[in-house]
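Values below: every heavy atom of this structure, side chains too, minus hydrogens, waters and symmetry copies.
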Amino acid sequence: MTVRTQGYFFVFITMCIWGGFTIFSRLNAHWHVSVWDLVAMRFAIASLILIPVLIYKKDFSFLWDSRPVILALIGGLAYCFTVYTAFLHAPAAHAAIFLNGCIPLCTAVAAYLLFKQPFDKHTWLSLIIMMAALVLMSYLMLHDQVSALGVGDLLLFISAVWWGIFTVLLRQWKLSAWHATAGVVIWSAIIYLPIYILFIPKHFQNAAPIHLLIQGLFHGILVVIVATLTYVAAIERLGAFKTGSIVTLAPFIAAIVAVPLLNEPLNAAIVCGLIGMGGGALQPWRWLRKDTLATQLAKQKQG
């Protein structure tokens, strides 16, 4: 395969996993998998895979820095607890709006508050589109009590805040994908697993063993390790903007798939939210601008 084809292949894998994250997280409500148990399985399984790799590579020094610990507390434990709890109360379409749709906005706000990075014109335009979509969605929901907002939506937005802060810190501290992934997994396991084992009640008996196995392998291996590696590989071949824009579609596609698969509702208010938040997150006008610039450069070369 060409480098470009390889990039799209890695993007496809990442999209499948990220879209599956929404579906599988929603399935916890149907399969009765406890959030506490799921977080423990996620970091226990991932750490069992990554620790032998660290031993083989003899690469431990980065773990003694305070930065991986902070990233683990924010992007590992805090994010996982809020997002998994949110999925017990909110459907997939709400997650696409209040989690994935709000992450770019929360990232921009966190960058401004933490490091005084100003908003560019694309961020301002996204903010206007997203706010208009939320206002319209809220207005429509006032006339449809069935789709009213709840605690799950608040937790989804809080999860977007956690991930926005995590992204800004990761970008500012310039940790590699490997060190960021390994650091978050190892320190999350070190901090949480002793507390879980000693003090937190276990609820494995409430879920079928096959469901626990599926969730553990999916969240502990595919989400934490495989999706990170394929996402980084796609960025190396296609660039950060194109890769991020395409992958952002995954949760919105999952929201549509969840309608027949999980029998979740989809009404006019949610559709408005999906279109507005999706448009603001994807920033399609930047695609058009890039195409225009590419066309101009091609004409200059021909001239």
Which pair of non-hydrogen atoms, one from T230 and one from A227, has the smallest distance, and what is that distance? OG1-O, 3.1 Å
Geometric class of the W163/Y79 ring pair [parallel <30°, tilted 30-60°, perpendicular >60°]: tilted
Minimal non-hydrogen separation, V224 against G220, with atom names: CB-O, 3.8 Å
Using only atom types and a distance under 3.5 Å, with no angle test, would you say the side chain of D65 pairs donor to acceptor with the backbone of F62? no
Hey, what do you get for CG (N263) to CG (L261), rounding to the nearest 0.5 Å? 10.0 Å
Could you give the side-chain donor-acceptor pairs of residues 19-30 under 3.5 Å, partners two or more places apart or in another chain?
{"residue": "S25", "atom": "OG", "partner": "F21", "partner atom": "O", "Å": "2.7"}
{"residue": "R26", "atom": "NE", "partner": "A90", "partner atom": "O", "Å": "3.4"}
{"residue": "R26", "atom": "NE", "partner": "E264", "partner atom": "OE2", "Å": "2.6"}
{"residue": "R26", "atom": "NH1", "partner": "F87", "partner atom": "O", "Å": "2.5"}
{"residue": "R26", "atom": "NH1", "partner": "A90", "partner atom": "O", "Å": "3.1"}
{"residue": "R26", "atom": "NH2", "partner": "E264", "partner atom": "OE2", "Å": "3.1"}
{"residue": "N28", "atom": "OD1", "partner": "Q215", "partner atom": "NE2", "Å": "2.6"}
{"residue": "N28", "atom": "ND2", "partner": "S25", "partner atom": "O", "Å": "3.4"}

Heavy-atom pair with the smallest gap, counting every atom of L193 and A40: CD2-O, 3.8 Å
Distance (rounded to the nearest 0.5 Å) between I70 CD1 and L169 CG: 7.5 Å
Are F115 and F166 grouped together when hydrophobic residues (ILVMFWY) are joined by side-chain heavy atoms under 4.5 angstrom apart? yes
Between K57 and I55, is there a donor-acceptor pair closer than 3.5 Å when you use the side chain of the first and the backbone of the second? no
List the atom of A111, the atom of V168, and the distance in Å for their closest heavy-atom pair. N-CG2, 3.6 Å
Whether W31 side chain and A207 backbone form a donor-acceptor pair below 3.5 Å: no
Rounded to the nearest 0.5 angstrom, the CG-NE2 distance for L38 and H203 is 13.5 Å
Working to the nearest 0.5 Å, report the span between CG of L222 and OG1 of T228. 11.0 Å
Could you check whether any side-chain heavy atom of M15 comes within less than 4.5 Å of a side-chain heavy atom of I253, counting everything from C-beta outward? yes
D59 and H179, any side-chain heavy atoms less than 4.5 Å apart: yes
Answer whether the closest heavy-atom distance between the side chains of C106 and W162 falls below 4.5 Å. no
Nearest heavy-atom neighbours spanning P251 and A96: O-CB, 3.8 Å
Assigning hydrophobic clusters by single linkage (Ile, Leu, Val, Met, Phe, Trp, Tyr; side-chain heavy-atom cutoff under 4.5 Å), is I51 placed with V226? yes
From the list F204, F81, Y84, F199, ring-ring contact (aromatic ring centres under 6.0 Å, His included) partner of W36 resolves to F81
Which atom names give the shortest non-hydrogen contact between I197 and K202, and what distance separates them? O-NZ, 3.2 Å
Can you tell me how far the CG atom of L73 sits from the CD1 atom of I191, to the nearest 0.5 Å? 4.0 Å
Candidate pair I17 and V223, rule side-chain contact (heavy atoms from CB on, under 4.5 Å), full reasoning: CA-CA 6 Å; I17 296 175; V223 173; 4.1 Å; yes
Centres of the Y196 and F43 rings: under 6.0 Å? no
Please walk me through it: do F218 and I45 pass side-chain contact (heavy atoms from CB on, under 4.5 Å)? CA-CA 10 Å; F218 180 82; I45 293 173; over 6 Å; no
Does T82 reach the side chain of V161, with side-chain heavy atoms less than 4.5 Å apart? no
Measuring only between side-chain heavy atoms, which start at C-beta, is Y56 closer than 4.5 Å to P52? no
Would you compute the distance between atom CH2 of W178 and atom CG of L50 and round it to the nearest 0.5 angstrom? 5.0 Å
Assign the ring pair Y231 / W18 to parallel, tilted or perpendicular, where the plane angle (0 to 90°) is split at 30° and 60°. tilted
Ring-face cation contact, Y112 with K116, 6.0 Å cut, 45° max: yes
Could you tell me whether the side chain of N206 and the main chain of H32 form a donor-acceptor pair under 3.5 Å? no
